[in-house]
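Below: the structure, in structure tokens.
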Amino acid sequence: MRYNWQQSDWPEFRYDGQAISDSLLAFIERVGRISGLLEGLSEADRSDAVINILAAEAMKTSEIEGEYLSRADVMSSIRNNLGLGDTTEPVKDRRAKGVVDLMLAVRGEYAAPLSDAMLFDWHQTLLAHDRRVMLGAWRTHAEPMQVISGPIGKETVHFEAPPSDKMGEMMMSFISWFNATGPDGKMPIQHAPIRSAIAHLYFETIHPFEDGNGRIGRAISEKALSQGLGRPVVLSLSRAIEGNKKAYYEALKTAQRTNEITPWLIYFLDICLEAQSQAETQIRFTLEKARYFDRFKDNFNERQMRVLRRMMEDGPGTFKGGMSAKKYVAITKTSKATATRDLSDLVEMQALISSGGGRSVRYWLPFDQED
């Protein structure tokens with residue numbers, strides 16, 4: 001089997017523009033809609049929406065690689081980076097700090113040309129906690145860089161990347177391509193999602209680092225989108241990808257066997273549209289949350305406020321199963337009788353909606369009920 005990088009037309013990617021034209025139009029339309037929604041938020045609420053989308057990206061890009069981070073650590077790291085707390089909040093997991101630092105670096109320097117120094121900095125930032133990996137340098141090991149699965153002795157090789165002695169040359173070509181195809185480059189690709197998709201495939205095929213290639217490859221995709229929009233993009237590609245991780249790996253595997261990449265672009269455009277849809281949901285949730293507290297802000301006691309904020313803190317649709325008296329007791333450390341009374345008061349003032357009865361009664365935010 002010959003992989004894409006072994007074929008004579010590498011890296012001359014080809015695709016059918018007509019097959020993705022409708023998706024590109026939908027992407028452009030949603031860009032305008034998301035911008036309008038953000039403009040309708042106060043500065044504080046806009047910051048809240050963006051921070052939650054950043055948190056989703058940091059957590060999901062790690063989950064794709066099998067690393068599960070604490071949301072509390074991720075949020076603390078974001079607040080520390082942005083100076084949003086009165087004091088520096090503790091971050092127990094250094095992996096959370098690394099991925100958040102990477103996400104914010106990508107956003108902060110989105111307009112700057114890509115360079116090997118930038119990629120080395122990103123690599124060192126992401127994996128500063130890992131003493132086993134050679135940081136800030138292309139891989140050099142002689143053994144093949146393979147993507148494999150299965151038990152030892154019966155492994156299945158899904159992909160083999162170019163040999164390490166080709167990294168300098170191939171990454172120089174990739175970086176030159178990325179900068180030349182940007183909005184100010186010599187051969188700009190008009191549509192940001194197409195450039196983003198090709199950049200991700202191109203980089204993942206080369207697989208230049210010992211570790212961290214997936215996370216950095218997705219960061220490169222975000223950089224390409226941001227450059228095309230002229231501002232940091234407000235969506236999480238990784239959250240959309242992680243929703244069906246198997247499809248992501250299958251699409252990538254197929255694309256790494258040919259330089260005719262129409263199926264890959266169709267897949268990636270669908271991911272972009274799903275990420276935009278999720279971003280819209282998060283922004284609308286933030287708007288509804290602001291309206292909710294404006295309406296009820298003087299009605300809640302301290303216990304109720306703590307529970308309501310807990311129900312909202314992870315974003316839309318994430319407080320699974322609704323609130324119950326048992327959960328209320330666990331969050332507030334109060335008695336069951338007090339919990340039941342507090343919840344009844346919230347229903348009476350229409351701050352919560354109840355369903356079921358007896359021990360199975362559950363309580364929902366009026367703007368965030370499960371389907």
Side-chain angles (χ1 to χ4, degrees), residues 34 37-65 67-110 121-122 124-130 212 215-216 218-219 222-223 226 231-239 242 275 278-279 281-294 297 300 302 305-319 331-332 365 368:
I34 290 172
L37 286 170
L38 284 171
E39 288 173 7
L41 297 176
S42 69
E43 185 174 346
D45 290 333
R46 190 180 309 127
S47 177
D48 180 49
V50 171
I51 286 170
N52 276 285
I53 291 168
L54 268 174
E57 177 63 21
M59 294 176 69
K60 295 303 182 179
T61 195
S62 299
E63 287 181 24
I64 292 169
E65 307 302 326
E67 290 188 355
Y68 295 86
L69 307 179
S70 156
R71 181 177 171 83
D73 279 338
V74 169
M75 292 298 286
S76 292
S77 188
I78 291 172
R79 286 191 288 263
N80 291 344
N81 269 276
L82 300 179
L84 297 176
D86 294 333
T87 58
T88 299
E89 299 179 27
V91 179
K92 298 176 183 178
D93 192 339
R94 293 179 64 196
R95 297 174 306 170
K97 183 180 186 305
V99 73
V100 167
D101 287 350
L102 171 62
M103 294 297 99
L104 292 174
V106 172
R107 292 177 69 82
E109 55 193 11
Y110 78 89
D121 284 345
W122 288 1
Q124 290 173 322
T125 295
L126 175 66
L127 297 174
H129 63 277
D130 195 336
R215 283 160 288 184
I216 291 175
R218 289 184 288 277
E222 181 178 318
K223 183 178 177 71
S226 297
R231 61 184 180 278
V233 68
V234 181
L235 52 75
S236 171
L237 291 174
S238 295
R239 182 182 176 189
E242 201 275 336
Q278 291 170 352
T281 299
Q282 177 64 59
I283 295 166
R284 292 184 190 279
F285 179 83
T286 303
L287 178 59
E288 290 296 335
K289 182 170 67 171
R291 289 172 175 168
Y292 180 89
F293 282 121
D294 283 345
K297 61 184 176 183
F300 303 140
E302 184 179 342
M305 182 65 81
R306 189 185 315 161
V307 167
L308 292 166
R309 291 199 180 281
R310 176 63 190 88
M311 291 178 74
M312 299 179 194
E313 70 180 4
D314 292 346
T318 55
F319 198 81
I331 294 169
T332 62
L365 294 163
D368 189 37

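Only this structure's heavy atoms are used, side chains among them; waters, hydrogens and symmetry mates stay out. Sequential numbering from 1 along the given sequence is applied to the chain's residues.
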Quick check for you: to the nearest 0.5 Å, what is the distance between [X] atom [atom1] and [Y] atom [atom2]?
X      : Y      : atom1 : atom2 : value
Glu89  : Asp73  : CD    : CG    : 10.0 Å
Glu109 : Leu104 : CD    : CG    : 11.0 Å
Thr125 : Met103 : OG1   : CE    : 10.5 Å
Thr286 : Met312 : OG1   : CE    : 11.0 Å
Glu39  : Leu37  : CD    : CG    : 9.5 Å
Ile78  : Leu84  : CD1   : CG    : 9.5 Å

Exercise for the section: Please name all residues satisfying side chain to side chain donor-acceptor pair (under 3.5 Å) with Glu222, sequence neighbours left out, ordered by chain then number. Expected result: none
Exercise for the section: Return the set of residues passing side chain to side chain donor-acceptor pair (under 3.5 Å) with Arg215 (not counting sequence neighbours), or none when no residue passes. Expected result: Glu67
Problem - salt_bridge(Arg95, Glu65) N-O dist < 4.0 Å - result: no
Problem - Lys/Arg N to Asp/Glu carboxylate O, Glu43 vs Arg46, below 4.0 Å - result: no
Problem - Pairwise side-chain contact, Asn52 with Phe285, heavy-atom cut-off 4.5 Å (strictly under) - result: no
How close do [X] and [Y] get, counting heavy atoms only, and between which atoms?
X      : Y      : answer
Ser226 : Pro232 : OG-CA, 3.5 Å
Val91  : Ser76  : CG2-CB, 3.9 Å
Asp45  : Ala290 : OD2-CB, 3.1 Å
Ser62  : Val99  : OG-CG2, 3.9 Å
Arg94  : Ala128 : NH2-O, 3.5 Å
Gln278 : Ser236 : OE1-O, 4.3 Å

Practice task
Please identify each residue that fulfils side-chain contact (heavy atoms from CB on, under 4.5 Å) with Thr332, with sequence neighbours left out.
Solution key: Arg303, Arg306, Val307, Tyr328, Thr334
Practice task
Could you list the residues that satisfy side-chain contact (heavy atoms from CB on, under 4.5 Å) with Leu287, not counting sequence neighbours?
Solution key: Leu41, Arg291
Practice task
Say whether, by atom type as modelled, one donor and one acceptor occur between the side chain of Arg218 and the main chain of Thr61 under 3.5 angstrom.
Solution key: yes
Practice task
Start with the C-alpha distance between Ile51 and Leu82, add both sets of side-chain angles, then the distance that settles side chain to side chain contact (heavy atoms under 4.5 Å, CB included), and finish with yes or no.
Solution key: CA-CA 10 Å; Ile51 286 170; Leu82 300 179; 4.1 Å; yes
Practice task
Evaluate side chain to side chain contact (heavy atoms under 4.5 Å, CB included) for Phe319 paired with Leu365, printing each intermediate quantity in order.
Solution key: CA-CA 10 Å; Phe319 198 81; Leu365 294 163; over 6 Å; no
Problem - Asp101: partners by salt bridge (charged side-chain N to carboxylate O under 4.0 Å, His left out), with sequence neighbours left out - result: Lys97
Practice task
Given side chain to side chain contact (heavy atoms under 4.5 Å, CB included), test Arg107 with Leu54 step by step and report yes or no.
Solution key: CA-CA 10 Å; Arg107 292 177 69 82; Leu54 268 174; 3.4 Å; yes
Problem - Steps toward side chain to side chain contact (heavy atoms under 4.5 Å, CB included) verdict (Phe300, Arg309) - result: CA-CA 11 Å; Phe300 303 140; Arg309 291 199 180 281; over 6 Å; no
Completion exercise
residues 47-64 vs salt bridge (charged side-chain N to carboxylate O under 4.0 Å, His left out), sequence neighbours excluded, gives Asp48-Lys289, Lys60-Glu63, Lys60-Glu242
